[in-house]
2 protein chains.
Amino acid sequence: MDAKENLIVSTQELLWERGYVGMSPKAIQQKAGAGQGSMYHHFSGKAALALAAIERSAAEMQAQADSELSLQGSALAQISAYLQREREVLRGCRMGRLAQDPDIIANEALSLPIANTFTHLQQRLTEVLLQGQKNQEFQIDFNATDLATMIVSALQGGYVLARAENSDASFKRAINGLLHMLSTLIRT
Amino acid sequence: MDAKENLIVSTQELLWERGYVGMSPKAIQQKAGAGQGSMYHHFSGKAALALAAIERSAAEMQAQADSELSLQGSALAQISAYLQREREVLRGCRMGRLAQDPDIIANEALSLPIANTFTHLQQRLTEVLLQGQKNQEFQIDFNATDLATMIVSALQGGYVLARAENSDASFKRAINGLLHMLSTLIRT
DNA sequence: GTCTATAAAACGATAGAC
DNA sequence: GTCTATCGTTTTATAGAC
């Protein structure tokens with residue numbers, strides 16, 4: 001298999017597991033089955049490789065969310081599909097975890113794809129909610145932008161609680177609580 | 001000032017800024033104005049010092065939340081006081097950020113105070129919501145446990161978005177969205 | 001493109017003097 | 001209790017052969 005591709009995928013995995021600060025070039029090389037010469041031939045260093053991996057993960061996350069939020073059905077159905085997708089909850093969110101990494105946050109290039117991903121998610125959810133309002137699916141008025149951000153936040157926070165408690169129980173409760181709140185907005 | 005106390009406080013700060021993996025003993029010593037001899041006299045190593053710091057931060061966070069959730073007033077008033085407390089949003093949550101640290105999660109002793117803190121927050125919020133239900137403050141029924149977890153999650157996720165986007169705008173929108181949802185539950 | 005050798009610095013700790 | 005010296009390992013590369 002392509003060594004460069006292997007390095008990117010391995011870095012995606014390691015960033016998810018250990019973050020940028022906790023990931024060494026040596027670990028990347030071992031996971032990818034590549035030597036130092038190979039890695040430094042394809043990438044100028046740890047930061048450049050991390051950037052490629054983060055951009056890849058960001059694109060994947062956005063594509064996945066876009067597909068769920070484009071399914072046929074009501075706003076609530078689309079949002080439910082997004083929220084109830086099967087997730088490896090205990091691994092946390094690939095993007096959310098990087099937002100806590102000091103060396104990522106200190107580096108504009110590395111943090112840009114992360115910021116863009118969350119901005120994108122909020123925009124798509126806002127559009128879905130606005131469309132629902134236009135279709136008169138809701139009986140209670142609300143600010144679509146605020147609610148969209150709250151939904152993304154609840155999801156991210158659910159991951160945090162799951163990792164902290166080493167259990168997906170809190171994640172599930174958070175999603176249940178959120179979906180129940182959303183269902184009370186619906187015109188019956 | 002007490003060198004041991006200084007080391008604990010400095011470690012609290014560094015764990016907040018850089019996490020466990022990103023924090024070196026040397027950095028702790030410099031921040032605390034203590035030498036290596038001093039640090040290794042008072043603590044067996046990095047992990048022991050981190051444990052003392054995490055336990056301290058956990059106790060502080062719980063005490064702060066308890067005080068806000070014990071203010072006189074309705075359930076919504078207490079929760080609003082908790083959610084709208086002034087926060088250094090861009091620094092993230094001291095506990096939440098540690099839940100992403102691989103060496104913390106891999107160490108049961110280090111992660112216990114973090115898990116306990118989130119469990120405690122959820123319990124207190126559940127109690128507040130149950131009391132509100134008992135007082136007939138709500139016109140819509142809901143599961144207090146699920147909603148309590150959702151509130152903690154939205155808060156944690158708000159921190160994540162703020163750090164990712166290097167702005168507190170998303171945090172504020174998440175809180176606004178959450179408070180608006182909660183207000184729709186209220187008996188008018 | 002990939003390999004091995006080399007290297008300056010940081011990491012996390014230990015030892016022993018004071 | 002604190003200081004300085006020392007130590008083995010890991011980190012993050014660079015250099016040059018193949």
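As a basis for the values below, the full set of heavy atoms in this structure was taken, side chains included, without hydrogen atoms, waters or symmetry mates.
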Once you round it to whole Å, what is the distance between C1' of C:dG12 and CG of B:Leu49? 13 Å
Could you run through nucleotides 13-18 of chain C and give me one letter per nucleotide, 5' to 3': B if any protein heavy atom sits under 4.0 Å from the base, S if only the sugar-phosphate is that close, - if neither? BB----
Using the test salt bridge (Lys or Arg N to Asp or Glu O under 4.0 Å), find all partners of B:Arg124 that sit at least two apart in sequence or belong to another chain. B:Asp66, B:Glu127
Once you round it to whole Å, what is the distance between P of C:dC3 and NZ of A:Lys26? 15 Å
Using whole Å, what does the distance between atom P of nucleotide C:dT2 and atom CG of A:Asn6 come to? 10 Å
Looking only at side-chain N and O atoms, does B:Thr119 offer a donor or acceptor that is under 3.5 Å from a partner on A:Glu165? yes
Among pairs that include at least one residue of residues 45-56 of chain A, which meet salt bridge (Lys or Arg N to Asp or Glu O under 4.0 Å), considering only residues two or more places apart or in two chains? A:Glu5-A:Arg56
Is the phosphate of C:dC11 approached by B:Ser24 (side-chain N or O, under 4.0 Å from OP1 or OP2)? yes
Rounded to whole Å, how long is the line connecting atom CD of B:Gln29 with atom C1' of D:dG1? 14 Å
Other than A:Leu130, which residues form its hydrophobic cluster under the rule that side-chain heavy atoms must be closer than 4.5 Å? none
How long is the line joining CE of A:Met23 and P of D:dA13, in whole Å? 10 Å
Please determine whether a side-chain nitrogen or oxygen atom of A:His41 lies at a distance below 4.0 Å from atom OP1 or OP2 of C:dC3. no
Once you round it to whole Å, what is the distance between C1' of D:dG1 and CZ of B:Phe43? 13 Å
Kindly write out the residues that satisfy side-chain contact (heavy atoms from CB on, under 4.5 Å) with B:Ala58, not counting sequence neighbours, or none if the list is empty. B:Gln62, B:Met95, B:Pro113, B:Thr117
CD of B:Glu5 versus C1' of D:dG1: gap in Å, rounded? 17 Å
Find the distance A:Arg18:CZ to D:dT10:P and express it as a whole number of Å. 13 Å
Mind checking what makes side-chain contact (heavy atoms from CB on, under 4.5 Å) contact with B:Ala109, not counting sequence neighbours? B:Asn107
